[in-house]
Amino acid sequence: MFDAAHCPAELQSLLEERWQRWCGAVGDEPMGEVVSALNKAEAQLAVARSFIGSDFFVQQCCRYPDLLPQLLAEDDLGLDSDWMRTIDEEAELDRALRRLRNRVTAEAIWRDFAGQWDIPRVCRRLSDLAETCIQAALEWHHRDLIARYGEPRDRDGNAQSMVVLGMGKLGARELNLSSDIDLIFAYPEPGATDGERGLENQKFFQRLGQRIIKSLDAITADGFVFRVDMRLRPYGDSGPLVSHFAAMEDYYQTQGREWERYAMVKARPVAGDAALGAELMELLRPFTYRRYIDFSAIDALREMKGLIQRQVRARGLVDNIKLGRGGIREVEFIAQAFQLIRGGREPALRERNLLTLLPLLEQDGHLDEGVAGPLAEAYLLLRRVEHALQAERDQQTQTLPTEEHRRAALAYALGCDGWQELLDQLAGARRLIEREFDIVIAPPEEIAEPSAAEEWEGLWASCTSEEGREVNLLSLQRAGFAPPEEALQPIADLHSSPMVRALPNAARERLDQFMPLLLAAAAQEEQPLLAVQRVLPLVRAVLRRSAYLVLINENPPVLSQLLRLCSASPFIADQLARHPILLDELLDSRRLLAPASAVDIANELRREMLRVDPEDLEAQMEALRHFKQGQALRIAAQEVTGALPLMKVSDSLTWLAEAILQQSLVLAWQQVVAKYGQPADASADDMRFVIIAYGKLGGLELGHGSDLDIVFVHDAAPQGVTDGERAIDNLSFYTRLAQRLIHILQTRTLSGPLYEVDTRLRPSGNSGLLVTSLAAFEKYQRESAWTWEHQALVRARPVAGSDRLSADFDQLRLDLLCSPRDEQKLREDVVAMRDKMRAHLDKSNKDSFDLKQGPGGIVDIEFMVQYAALAWAHKAPSIVRYTDNIRILESLDEAGLMSAHQAGHLIDAYKAYRSEGHRLALQQLPGVVDGDQYKAERKTVSTNWQQLFG
């Protein structure tokens, strides 16, 4: 009957026994079809592996004589359940569900052993089967209960229906051959049914849940459908079988535990009203996915894994490929650790299916490059072995067999050349999983040597003790904290503060773990005292959000990076204390210190905004602020570490502002258009509106914390109106667009404003219209503008909005700047304005020099550049091609209007001043230096001023 090559000698008798059993159970017609199909070698192999690998499969082939011929003849038997809707009797429903389950499970075993389906497809089919059966049972029993008690309705009379959440492997569409299904039942609102024998909704849905469980779980002559586990519901076995949405939301917000977050990661509506299911998942999302980076999840996973490992040892489960070391559960923990930690900030990581999630984790840098593929292959091998173990007797087991004949049967069914080959494959897969698990989940190594760690632990524990004061001061002094008293006092103040005393136990444990690490790491810094002083405000800021301490405790490189950056810049220390969420930026030093281009910044912002609900303005505004703060921190870090030179720092800050402006304008446009419609001939692609940058933003010289000087210009028809139901004229539309944009930029949310905005450089200043037409702008500039307004125009450029209108503005700017001027009057106006500014703004005195406003300082250079541009652009338009001072000076040299020697000295002085200004800004110091500094540069600038203005 079978070719012996398809079956090892020790398995021949088993195959023969099962084949004879099948032959005795079926008639001549099915047997004839099968014998005919067995002429093909692949069919012989499939039958041999399935019969040897699964006694359950043989039982189903005996029970349903047409099953084996169908499997041999068809690629996919499908999952047709429409016939269930015609069932009248509960017993008939239960019988139909079991028969469907048996046939689909048998087909999954066959396709797997025959090599026709891979494990993901097997799991999807089994998950589809579970959903089909749950939905069929729910619909049938819901109809039957309505016939008895009436339709359940809320207090407003709206009909109510049940939602069934599938947890675990069902939720992830990864169901095993013999899995339990973990379910949670819910319904929207309290109320009562509308029948003569009315019931409260709670009782109605409880009876519905009980009936669903019975139809699926009860063992009859046809077997069972699925073992149902309801222990993951709120309060577990002691809680109600079904809860309404508000009760569930309240439970998870007030009493939900960490392991329940872990369970909820895979939760998915699997039956009932789809819209209600989506509503319920949205209610539960904040519990599962925190808005901040939540490293506290790792502690919970460690505790869960530790409990499992103790069970493994106590029950002798070392050969358990799910729970043992390097098993299936460890792969799941790896993936779900990142989901719980980062899923609140990275919606893509909310993916339930593990095989889909692993490449995303590698792509985003959470797993090392090249790890996701091998990890997925190892996981698939374990899952395939797990399925083969469960296929044998339709039992939920993950333990490798000890009997020789069962080992041989398992290896053969899986296509291995003997037990040892399978064992070697499993050992390699488990070693890989174990290694990656330890990297992600295992406790981090201590930063300090054990003896040093003990010393700092002792200091933190005794820092408020008078008896230990001398010893502690000596320890601090030896470690370089000088003077040691200034280090010990703030540490003791923190230790004894009411805020620390009031901390929950878990938060206090995290602080007690963190402080010795901080002191040990600070002792390695050049200025230990300064490092600790600048980090302690951050520690105080996160005491009640101690997950941030976990982030640092779990990632030793973050602590060293934190100390390095805070030591270098109080600006960075202050930003981190104000916005601890930025600590996440320190996790990847390569990304932190890698300069980004304008395109990189804009693309990254677009990706971030795609992760935010487009209907949630508050979330969009917060996302913009988080992005801006994170990028600004990166730029500051790149500056203090020397990864970015001065000119590139200003470029990066300017590119960041441009990206924020463009994205904010898009948001403002969408909101105003939604309310009023859009002007004729305007669209999202060409808004007929542009943002013009002046000052530092226009000159690509933005600094840390700079305001944005901007002007709004449009070119829509003045008599036009918008096309919405609440139509308004075009000027009103663009005015409201600008107001909405300013609101987005300046509103102080929890994360503060995006930027402070100054629009006073618009035509007629504060008394002028907020938004100006291009024609009106031109008229004002030609007929009414002051000389200082033409000076400001030298640094003006479009930064967001319509590309077409931007080009028109650029041409108008060029025309205006290239107009011939009376040089004598221009010279007088420029000098008068400079004298006025110096009188009001210069902070220099005989002992100090104001870098910006002092004689020979930054503004003197800027005024000379602006004068040159206005005086000579009519004969050399190339000098106003750019808006930044350095390239204008270079253009003056190229045009022969300024000597290379003169331009070079001014450029050098300008760079020196700005570099020092940036350094002082990062130290949060005013832009004033000692009067003995920059004497050569000041003399050069003053000499050039005299030559130009007399």
Side-chain angles (χ1 to χ4, degrees), residues 131 133-167 170-171 181-216 228-257 260-261 263-289 350 352 613 615-616 618-619:
E131 290 184 49
C133 293
I134 297 167
Q135 184 67 34
L138 187 155
E139 290 178 0
W140 196 94
H141 289 296
H142 188 83
R143 288 195 304 269
D144 189 61
L145 286 171
I146 287 175
R148 294 174 182 233
Y149 303 109
E151 184 88 51
R153 299 186 180 278
D154 64 17
R155 294 183 178 91
D156 295 327
N158 300 309
Q160 301 283 285
S161 58
M162 178 182 277
V163 170
V164 180
L165 296 186
M167 312 294 283
L170 174 58
I181 52 174
D182 296 289
L183 305 179
I184 293 178
F185 297 146
Y187 65 97
E189 294 185 43
T193 63
D194 58 8
E196 291 183 7
R197 300 169 58 193
L199 281 179
E200 290 182 352
N201 285 353
Q202 179 68 30
K203 290 183 178 178
F204 178 94
F205 286 112
Q206 180 166 321
R207 293 185 185 184
L208 176 57
Q210 290 168 338
R211 284 179 164 218
I212 292 171
I213 293 171
K214 179 175 176 293
S215 282
L216 298 175
V228 178
D229 191 334
M230 300 296 300
R231 289 175 296 175
L232 292 182
R233 70 186 188 268
Y235 302 103
D237 283 340
S238 62
L241 184 67
V242 59
S243 301
H244 57 78
F245 287 6
M248 288 190 68
E249 182 182 22
D250 179 69
Y251 169 81
Y252 286 112
Q253 283 184 351
T254 60
Q255 300 186 54
R257 290 157 289 181
E260 289 176 297
R261 287 183 62 206
M264 200 58 70
V265 164
K266 289 182 180 288
R268 177 174 63 91
V270 294
D273 186 287
L276 289 176
E279 179 184 334
L280 177 58
M281 292 308 299
E282 187 59 27
L283 285 175
L284 301 180
R285 179 180 56 78
F287 165 70
T288 311
Y289 296 109
R350 298 172 194 170
R352 299 177 181 92
D613 181 355
E615 302 298 321
D616 189 341
E618 181 181 353

With a 4.0 Å cut-off on N to O distance, would you call [X] and [Y] a salt bridge?
| X | Y | value |
| --- | --- | --- |
| Arg153 | Asp194 | yes |
| Arg211 | Asp144 | yes |
| Arg233 | Glu260 | no |

Check your understanding: Heavy-atom distance under 4.5 Å between the side chains of Leu284 and Leu165, does that happen here?
Key -> yes
Practice item. Verify the neighbour count for atom CD of Glu196: are there more than 12 heavy atoms of other residues, nucleotides or ligands below 6.0 Å? Key: no
Exercise for review: Answer with yes or no after comparing the ring centroid distance for Phe185 and Phe205 against a 6.0 Å cut-off, counting only values under it.
Suggested key: no
Practice item. Only counting residues at least two apart or in another chain, list the ones meeting ring pair (Phe, Tyr, Trp, His ring centres under 6.0 Å) with His142. Key: Phe204
Practice item. With side chain to side chain contact (heavy atoms under 4.5 Å, CB included) as the test, would you mind laying out the steps for Met230 and Leu241 before giving the verdict? Key: CA-CA 8 Å; Met230 300 296 300; Leu241 184 67; 4.0 Å; yes
Point to revise | side chain to side chain contact (heavy atoms under 4.5 Å, CB included) between Glu200 and Gln206, worked out | key: CA-CA 10 Å; Glu200 290 182 352; Gln206 180 166 321; over 6 Å; no
Check your understanding: With no hydrogens and no angle check, do the side chains of Arg207 and Tyr149 hold a donor and an acceptor under 3.5 Å apart?
Key -> yes
Practice item. Determine the minimum heavy-atom distance between Ala186 and Leu280, stating which atoms define it. Key: CB-CD2, 3.9 Å
Point to revise | Residue pair Val270, Ile181: steps toward the side chain to side chain contact (heavy atoms under 4.5 Å, CB included) verdict | key: CA-CA 11 Å; Val270 294; Ile181 52 174; over 6 Å; no
